[in-house]
Protein chains: 2
Amino acid sequence: MTRRDIFAKQARVLKALANESRLMIVDRLNRGECTVGELTELVGSDASTVSKHLALLRAHGIVEDRRQGNLVYYRLLTPCVCNFFTCATQVLKERSR
Amino acid sequence: MTRRDIFAKQARVLKALANESRLMIVDRLNRGECTVGELTELVGSDASTVSKHLALLRAHGIVEDRRQGNLVYYRLLTPCVCNFFTCATQVLKERSR
DNA sequence: TGGCGACTTGGCCATATAGCCAATAGAGTG
DNA sequence: CACTCTATTGGCTATATGGCCAAGTCGCCA
């Protein structure tokens, strides 16, 4: 695996997070698991859209789901992604100087 | 500024980093400032493409440039973005489990 | 001032993304 | 089984992205 491949993979992970709706989802999940329904209401997009966001996060190993009855619960698998919030904030601060 | 606005802004920062070429650039700059020429060679894309990547990073307050003679040097303004590498790696590890 | 090297900007094209609506799938319940 | 509720998948469209080529800008030095 070349150095370049690693950057490509890391870029895909970042891309998976680089979306307003998905950040909202991650932020919510960081405070505990919850259902797709709750996330849908939070995000305010169509349920299908939210479902696709979740599928994408799952495909990247960022979240995990479990079905209980007819509800599906999602939870954060790699909480370290929340460091991104801190850094993104730092960058925003820097820009406004 | 609503909570949602903040997520939108943070998403834009992440997006600015979510690209293989730009990650290569950031990684290189993390080891010290350098010229556009060197970055162009490193990335292996057209000079114009690299220039646009740099403009984007600059617009987001991630890098800064200074001209010296007819060379332009770029340097990292917010080194914390390099934490992303660590976390992205963690996510990749998680996915491969 | 004319030319050259180093970057940047404008224009264009192919692909990827995020959204919605409609249709489908799964689990529980009458 | 029929029906409902929850979530996912398929299909479509509009917009954004990243790449290259060509043209323009900026500083230096004949």
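Values below: every heavy atom of this structure, side chains too, minus hydrogens, waters and symmetry copies. Everything numeric in this text was worked out from a predicted model, so none of it was measured. Every chain is numbered from 1, with letters handed out A, B, ... down the list of sequences.
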Considering only distance and modelled atom types, tabulate donor-acceptor pairs under 3.5 Å from the side chains of residues 18-27 of chain B, sequence neighbours left out.
{"from": "B:Asn19", "atom 1": "OD1", "to": "B:Ser21", "atom 2": "N", "distance (Å)": "2.9"}
{"from": "B:Asn19", "atom 1": "OD1", "to": "B:Arg22", "atom 2": "N", "distance (Å)": "3.0"}
{"from": "B:Glu20", "atom 1": "OE2", "to": "A:Arg4", "atom 2": "NE", "distance (Å)": "3.0"}
{"from": "B:Arg22", "atom 1": "NE", "to": "B:Ala16", "atom 2": "O", "distance (Å)": "2.6"}
{"from": "B:Arg22", "atom 1": "NH1", "to": "B:His53", "atom 2": "ND1", "distance (Å)": "2.9"}
{"from": "B:Arg22", "atom 1": "NH2", "to": "B:Lys15", "atom 2": "O", "distance (Å)": "3.2"}
{"from": "B:Asp27", "atom 1": "OD2", "to": "A:Arg3", "atom 2": "NH2", "distance (Å)": "2.7"}
{"from": "B:Asp27", "atom 1": "OD2", "to": "B:Arg31", "atom 2": "NH1", "distance (Å)": "3.1"}
{"from": "B:Asp27", "atom 1": "OD2", "to": "B:Arg31", "atom 2": "NH2", "distance (Å)": "3.4"}

Fill in the blank from the handout: Residues at least two apart in sequence or cross-chain that pass salt bridge (Lys or Arg N to Asp or Glu O under 4.0 Å) with B:Asp65, listed by chain then number, are B:Arg58
Exercise for the section: Quick one, give me the B/S/- string for nucleotides 19-30 of chain C, reading 5' to 3', where B means a protein heavy atom under 4.0 Å from the base and S means that only happens at the primed atoms, P, OP1 or OP2. Expected result: BBBB----SS--
Handout entry: Non-hydrogen side-chain atoms of B:Cys34 and B:Leu42 separated by less than 4.5 Å
Key = no
Practice task
Identify, with sequence neighbours excluded, every residue that meets side-chain hydrogen bond (donor to acceptor under 3.5 Å, both in side chains) alongside B:Glu38.
Solution key: B:Arg28
Handout entry: For chain A, the stretch of DNA chain D it reaches, first to last nucleotide, under 4.0 Å of its heavy atoms
Key = D:dC5 to D:dG11
Exercise for the section: Can you sort out the partners of B:Glu33 under side-chain hydrogen bond (donor to acceptor under 3.5 Å, both in side chains), two or more places apart, ordered by chain and number? Expected result: B:Arg66
Practice task
Provide, to the nearest angstrom, the distance between the CG atom belonging to B:Leu54 and the P atom belonging to C:dA6.
Solution key: 16 Å
Practice task
Remember a base hit wins even if backbone is also touched, and classify A:Tyr74 as base, sugar-phosphate or nothing at under 4.0 Å, heavy atoms.
Solution key: sugar-phosphate
Completion exercise
Within residues 23-39 of chain B, those residues having any heavy atom closer than 4.0 Å to DNA chain C are B:Thr35, B:Val36, B:Gly37
Handout entry: Separation of atom CZ in B:Arg66 from atom C1' in C:dA6, rounded to whole Å
Key = 15 Å
Handout entry: A:Thr89: partners by side chain to side chain contact (heavy atoms under 4.5 Å, CB included), with sequence neighbours left out
Key = B:Gln10
Problem - Contacts of type side chain to side chain contact (heavy atoms under 4.5 Å, CB included), residue A:Thr40, not counting sequence neighbours - result: A:Val36, A:Ala47, A:Val50
Completion exercise
side-chain hydrogen bond (donor to acceptor under 3.5 Å, both in side chains) filter on B:Arg75, not counting sequence neighbours, yields B:Glu64
Fill in the blank from the handout: By side-chain hydrogen bond (donor to acceptor under 3.5 Å, both in side chains), B:Asp46 pairs with (sequence neighbours left out) B:Ser48
Problem - Partner residues of B:Lys9 under the side chain to side chain contact (heavy atoms under 4.5 Å, CB included) criterion, sequence neighbours left out - result: A:Leu92, B:Met1, B:Arg12
Practice task
Could you pick out which residue, A:Ser51 or A:Lys15, lies toward the 5' side of DNA chain D when each is mapped onto its nearest nucleotide?
Solution key: A:Ser51
